[in-house]
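The next block holds one structure in the form of structure tokens; read it before the comments.
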Amino acid sequence: MTLQEQIAEYINSQPESKRNDMLELHRSILEINPTCQLWFQDGKDDEGKTVSNPNIGYGHYTIQYAGGKTRTFYQIGLSANTTGISVYILGIDDKKYLAETYGKTIGKASVTGYCIKFKKLKDINIEILEAAIRDGFITT
């Protein structure tokens, strides 16, 4: 199965309203950065055990670990969760940046150091979310 097929299967496996929101976000992220690297993680570890929600990744950056090792990972992540959708913006050093910059204007969402979580797309200001995503692509 190709990467695009895995992503489509994951999005299509969601309930209709969440599926439509995820599809809109997927398209929007690809419009923001049409040449970004795509990722798909099924949420399973090497032994096939589920350890996280599946997620779609966009872009790439290098994570620097304390011991000097590095790892390439995605910059922006999109995942369904039990209550809605999470958008991960990784690689921002200042863990207060997202909440301070977008938290008050994004609408009904919880904003942490690297995650914007909301129930439905209509509950948030999509333009603010897109600005945060653009920021994520620029700052990493």
Side-chain angles (χ1 to χ4, degrees):
M1 189 179 313
T2 69
L3 184 62
Q4 284 80 3
E5 288 171 335
Q6 288 177 303
I7 291 169
E9 184 176 273
Y10 172 58
I11 292 172
N12 289 330
S13 73
Q14 302 304 314
E16 185 179 3
S17 65
K18 194 180 291 187
R19 176 175 60 240
N20 292 338
D21 284 354
M22 288 187 72
L23 200 52
E24 185 174 337
L25 282 169
H26 178 65
R27 286 184 190 134
S28 179
I29 295 167
L30 290 175
E31 281 179 23
I32 290 168
N33 192 342
T35 61
C36 69
Q37 179 180 343
L38 282 176
W39 304 63
F40 181 74
Q41 296 190 330
D42 63 7
K44 296 187 168 130
D45 65 12
D46 294 338
E47 297 169 4
K49 185 176 170 185
T50 299
V51 293
S52 70
N53 290 327
N55 54 75
I56 304 165
Y58 308 85
H60 68 282
Y61 80 107
T62 303
I63 300 171
Q64 291 279 153
Y65 291 106
K69 289 188 176 185
T70 60
R71 175 181 173 202
T72 301
F73 205 63
Y74 57 77
Q75 295 165 288
I76 308 297
L78 175 62
S79 180
N81 59 56
T82 54
T83 59
I85 297 171
S86 295
V87 174
Y88 303 98
I89 301 176
L90 306 175
I92 298 173
D93 291 332
D94 181 353
K95 297 304 170 199
K96 294 178 183 176
Y97 179 79
L98 277 182
E100 289 175 352
T101 306
Y102 303 106
K104 290 185 172 101
T105 56
I106 197 158
K108 291 170 61 176
S110 104
V111 183
T112 66
Y114 64 92
C115 181
I116 299 172
K117 186 170 155 181
F118 51 92
K119 189 169 179 128
K120 295 180 186 235
L121 206 48
K122 69 178 180 123
D123 294 338
I124 64 163
N125 183 328
I126 184 70
E127 291 165 355
I128 300 297
L129 179 61
E130 288 171 347
I133 290 166
R134 274 189 206 88
D135 239 5
F137 280 126
I138 292 168
T139 59
T140 54

Looking only at heavy atoms, the pair that brings F40 and P54 closest together is CZ-CB, 4.1 Å
- Message: Atom CG of residue position D45 - does it have more than 12 heavy atoms of other residues, nucleotides or ligands inside 6.0 Å?
- Response: yes
Measure from the side-chain N and O atoms of Q75 to the backbone N and O of H60, and report whether any donor-acceptor pair falls under 3.5 Å. yes
- request: Please lay out, stage by stage, how I89 and I76 fare under the test side chain to side chain contact (heavy atoms under 4.5 Å, CB included).
  value: CA-CA 5 Å; I89 301 176; I76 308 297; 4.0 Å; yes
Between the OG1 atom in T105 and the CD1 atom in I124, the distance rounded to the nearest 0.5 Å is 10.5 Å
Interatomic distance, CD@Q6 vs CD@Q41, rounded to 0.5 Å, equals 11.0 Å
The single option from L98, T101, D135 that satisfies side-chain contact (heavy atoms from CB on, under 4.5 Å) with I92 is L98
Please step through side chain to side chain contact (heavy atoms under 4.5 Å, CB included) for the pair S79 and Y10, ending with a clear verdict.
CA-CA 9 Å; S79 180; Y10 172 58; 3.7 Å; yes
Value for OG1 (T62) from NZ (K69), rounded to nearest 0.5 Å, stands at 15.5 Å
Does Q64 have more than 12 heavy atoms from other residues, nucleotides or ligands lying within 6.0 Å of its CD?
yes
Check: Do L38 and L30 come within less than 4.5 Å of each other through their side chains, counting heavy atoms only?
Finding: yes
Tightest non-hydrogen contact, residues P34 and E31, listed as CD-O, 3.6 Å
For E5, I'd like to know if atom CD has over 12 heavy atoms of other residues, nucleotides or ligands within 6.0 Å. yes
Tightest non-hydrogen contact, residues I116 and A132, listed as CD1-CB, 3.9 Å
Interatomic distance, CD1@I29 vs CG@L129, rounded to 0.5 Å, equals 7.5 Å
Distance col, row S17:OG vs K122:NZ, nearest 0.5 angstrom, shows 9.0 Å
Any donor-acceptor pair under 3.5 Å linking the side chain of Y58 with the backbone of L78? no
Exercise for the section: Would you check if the side chain of R19 reaches a backbone N or O of Q14 as a donor-acceptor pair within less than 3.5 Å? Expected result: yes
- prompt: Would the number of heavy atoms belonging to other residues, nucleotides or ligands and lying under 6.0 Å from NZ of K104 be above 12?
  reply: no
What one should report as the nearest heavy-atom pair of Y88 and C115 is CE2-SG, 3.7 Å
Is the CZ atom of F73 crowded by more than 12 outside heavy atoms at less than 6.0 Å? yes
Distance-only, no hydrogens or angles: does the K18 side chain make a donor-acceptor pair with backbone N or O of N81 under 3.5 Å? yes
Residues K44 and T50: closest non-hydrogen pair is CE-OG1, 3.7 Å
Checking D21, L25, I56 against I11 for side-chain contact (heavy atoms from CB on, under 4.5 Å), the one that qualifies is I56
Would K117 and T83 count as a side chain to side chain contact (heavy atoms under 4.5 Å, CB included) if you check the C-alpha gap in whole Å, the side-chain angles of each, and the deciding distance to 0.1 Å? CA-CA 9 Å; K117 186 170 155 181; T83 59; 3.8 Å; yes
Nearest heavy-atom approach of F118 to A109 is CB-CB, 4.0 Å
Rounded to the nearest 0.5 angstrom, the CD1-CZ distance for I63 and R71 is 5.5 Å
Do W39 and T72 come close enough that some side-chain heavy atom pair is under 4.5 Å? yes
Notebook entry, point to check: Around atom NZ of K119, are there more than 12 heavy atoms of other residues, nucleotides or ligands at under 6.0 Å?
Noted result: no
